[in-house]
Amino acid sequence: EMVQLSHRPTRLKRQKDRSNALLQQHPARSVMAKLQKPRRSRMEKVIVDISVVLFFVILFGFDEIDNIPNRWLQEDILPSFCYENFLSNGDFEEDGGSLGEWHAFDKSKLDLVEHELGHAMVYTERDKFYHGPKHKIKNALPCFAGSGFYFQIKAKIRMYDQATGEGITKCSHDTLHPGETSWKKGIYCPIITLITQPEGGSKIPGSLFDFYAIHDTNMELDPDGWNQLDVIYKLPESQQGEKILNAYIQFYGGPVGAAVWIDDVVVKRIEEGRLPSGHPIYDPIRPACTDNILRNSDGEYQSAFGWDNFGRWISEFRIDAVPSEHDSSGYSLVALDRNLPRVQGIGQLLMNTCFTGLNYYLHVQADVQLYDQTTGLGSAACANELAECPYFRVMYKDGSKPTGVANLYDMEMKKAWAPNNWNKLEFVIALAPGPTEPFFSWFKLNFVGGPFNSVLKIDNARARRLTYEELPAGKIIQNLQGDLTIPPIKTCASKGLAHVISFPGERFENHILGWTTLYEYGDIKVETHKVPVSGATVSDASEQRIYEAAVNDAVKVTYKDITYNFSNGNLPWTDNQYFNSGDQRLRFPDPPLSVLMSTTPWTTNGYFYNVWVVTYASKGASGLCSVEGDEDLIRTESLRTTKYQIDAPTEEEAKMECSELEETDNFQDCISDVRLVNDPVIAAAFVHSAVEASGVELRISQKVEDEVLVATTLEILDPPTAFPTVHQTDAPTDAPTVAPTDAPTVAPTVAPTVAPTV
């Protein structure tokens, strides 16, 4: 890869080669001539259709005949000109040379000029970068019908300074020079806008039209010749369909004062199955804030489009996209020629629309490499010194406060650093953990770091806005000052008729009778014991396996070879050293973990238990709290197919029984439980238990918020909210039995750094 960087042709050289080829292939005929070509007769089409069908059957057999593409049968989805060029007079040769339907936008001047191979359009006297020509698409509105299609837009472009006649060289989607700002990187290049007027109005506030800037992310201008613009545009849903009333295409971009020549404009539709391989797809719609705030995050645009070279004011260096087999895009991003790698790298300004509100965090991750630019050998320096590792340098503006800067390091990556392989760089930053909403006018994320003369290579970069509950388990949270705090505190629960909520928030059921491990990590193990509920059965989605519906009738907690048993309604008691006074919970120090319980009588001789495990030691734990893909687990959606007893309450009747829980996460579980037990007395016990569980979970959430706020703000609050005191109804007062047990065999995989009082 180092050799590729040194010897591959520059994009400018490729652009010149393509320009010379274009001069030899100038299209002489007009678009209208293409549209007037002879059409096949009906008999000719039938013959062709039969031939295609026979050919397809010979290759694939009769079973696949329904999968013959419509266009193979010569039945175009739309008129043929949609797939050739639906823009009239794109080569400006109509009527011996004319501008046709092209018009100047704002104050720019539009003219027809002759050159060595025909006519072209030129627009001049531009005093704004967004001035340029516009063309109304009259007869091509049928080309917008349907969904899931793309437009390919091509044009030949020359650009020069109108005052001096010198060619423009500033267009670049890669490196910026000192003094330039990142947003100018795009406007120095030719830009296209597709403007549509949908029936019923635009989704853009205050506008009748939908419009999006379209960039050829690989364009880098040859100042001395023609340049080929070639972009495939993924149309947003708002620009697709039969209800587009009007459409326009506009060209603009380039420095103020630049004269722009345009020729051979082609706009055609491409169905998804016919996209050319290896061609970048330009998507104007950014992913959701909860998916990925970063653009061009794995180099899929085959350039550094959307990124800039952070630290260019220190010295000039390059950023680019290079071929890579690391992921499906086939490209990775690189920063090279860095004189001061610790503060030079690849940066991107993030949308401030993603940084509003309360209770949100930023989860950022990327695959990174470091190698010596001269030798091409992987760098081992990160394993020895944190300052030589890749890291994140975050810059932000919060209201009127001075610009904030934080350096965020990944200690786990350093420990596992692989010099000749990809390494996972990841961090979680608390942006709004407390009751005060910050105001971020801008937020910039920069990938920097590495030893002198090193190339920083990144791929699969991702930045997501998450709530606290959505944070990945086990990853240390850092605040905006770069202080290390604690990993996210997670809650797992087993309650009601075998409902389980795992640490990642997955909801499922486990009706296996007997003892089951709920949580196990290091020296601690939490188990629940299940017994059947008479008459109630559940099945998986295929109805191949039938289970008796079960509840927890006992809980067993083992810590450092000592077992604490809870059954017959017993709860944690005051004589135990791990009992937290006033909270009625067991709290253990290594790892910091709390076990909460509530119990409810449901028969004349039995109680069932709800159990919660609260800890930051969720990563690396085993048991139902962390399980994935276990075939003995019945997913919640599968339970919807359960066949209830004939005389069981209807869903509406069960909703009435559970109405007190309608605004809680326990509402659907309560409805299912009431219908399954089909006994008004037992159902009432389950409803009471679910109401009590909702109260417990609310208090757990409040307690966790207090813990996180203290950790991330480093402020001392009032005494934190205690966990709820859980009451039991007619429960015996006997203390649970304590018995030794074999030592657990699972060793902890994550070493805690700060011990939260969960």
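Residues: numbered from 1 along the sequence shown.
- In terms of heavy atoms, P390 sits closest to C382 at CD-SG, 4.4 Å.
- Of all heavy-atom pairs spanning K414 and E385, the tightest one is CE-C, 3.9 Å.
- The main-chain N or O of S567 is found under 3.5 Å from a side-chain atom of Y609 such that the two form a donor-acceptor pair.
- Without hydrogens or angle criteria, D553 side chain to V531 main chain gives no donor-acceptor distance under 3.5 Å.
- Checked against F427 for a ring pair (Phe, Tyr, Trp, His ring centres under 6.0 Å), the options Y391, Y409, F392 give a single hit: F392.
- When all heavy atoms of Y360 and C354 are compared, the closest pair comes out as CE1-O, 4.3 Å.
- Proximity of N446 to V394: side-chain heavy atoms (C-beta onward) are nowhere separated by under 4.5 Å.
- Under the 4.5 Å side-chain criterion, counting only non-hydrogen atoms from C-beta, E660 is not in contact with C670.
- You'll find the side chain of N510 reaches within 4.5 Å of the side chain of K530, heavy atoms only.
- In this structure, S297 contributes its side chain and L294 its backbone to no donor-acceptor pair below 3.5 Å.
- Centroid-to-centroid, the aromatic rings of Y361 and Y468 come within less than 6.0 Å.
- Using a 4.5 Å cut-off on side-chain heavy atoms (C-beta onward), W422 and K457 make contact.
- Using modelled atom types and a 3.5 Å distance limit, the side chains of E470 and H363 yield no donor-acceptor pair.
- Shown here for P451 and S379, the closest heavy-atom pair between the two residues is CG-OG, 3.3 Å.
- Counting only distance, with no hydrogens or angles, the side chain of T615 and the backbone of P592 share a donor-acceptor pair below 3.5 Å.
- The side-chain heavy atoms of V368 and L370, taken from C-beta on, include no pair separated by under 4.5 Å.
- Annotation: side chain of I429 is not in contact with side chain of N479 (no heavy-atom distance under 4.5 Å).
- With respect to R462, the side-chain hydrogen bond (donor to acceptor under 3.5 Å, both in side chains) criterion is satisfied by exactly one of D298, D291, D367: D291.
- In this structure, the ring of F447 has its center no less than 6.0 angstrom from the ring center of F310.
- A distance-only check finds no donor-acceptor pair linking the side chain of T356 to the backbone of N352 [under 3.5 Å].
- Taking every heavy atom of both residues into account, A461 and N292 meet most closely at O-ND2, 3.2 Å.
- Each of D673, N552, D669, N666 was scored for a side-chain hydrogen bond (donor to acceptor under 3.5 Å, both in side chains) with K495, with one residue passing: N666.
- With hydrogens and angles ignored, the 3.5 Å screen pairs a side-chain donor or acceptor of K490 with a backbone N or O of L471.
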Chi angles and distances behind the ring pair (Phe, Tyr, Trp, His ring centres under 6.0 Å) call for F439, F355: CA-CA 8 Å; F439 173 73; F355 301 101; over 10 Å; no

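- A donor-acceptor pair shorter than 3.5 Å cannot be found between the side chains of T517 and E520.
- Taking every heavy atom of both residues into account, A685 and T600 meet most closely at O-CG2, 3.7 Å.
- Between Y396 and F443, the angle of the ring planes stays under 30°, which puts this pair in the parallel group of the 30/60° scheme.
- Contact of the F588 side chain with the K560 side chain is not registered, since no non-hydrogen atoms from C-beta on lie closer than 4.5 Å.
- The shortest side-chain heavy-atom distance between E697 and T664 does not fall under the 4.5 Å cut-off.
- Between E388 and R342, at least one side-chain N (NZ, or NE/NH1/NH2) sits under 4.0 Å from a carboxylate O, which counts as a salt bridge.
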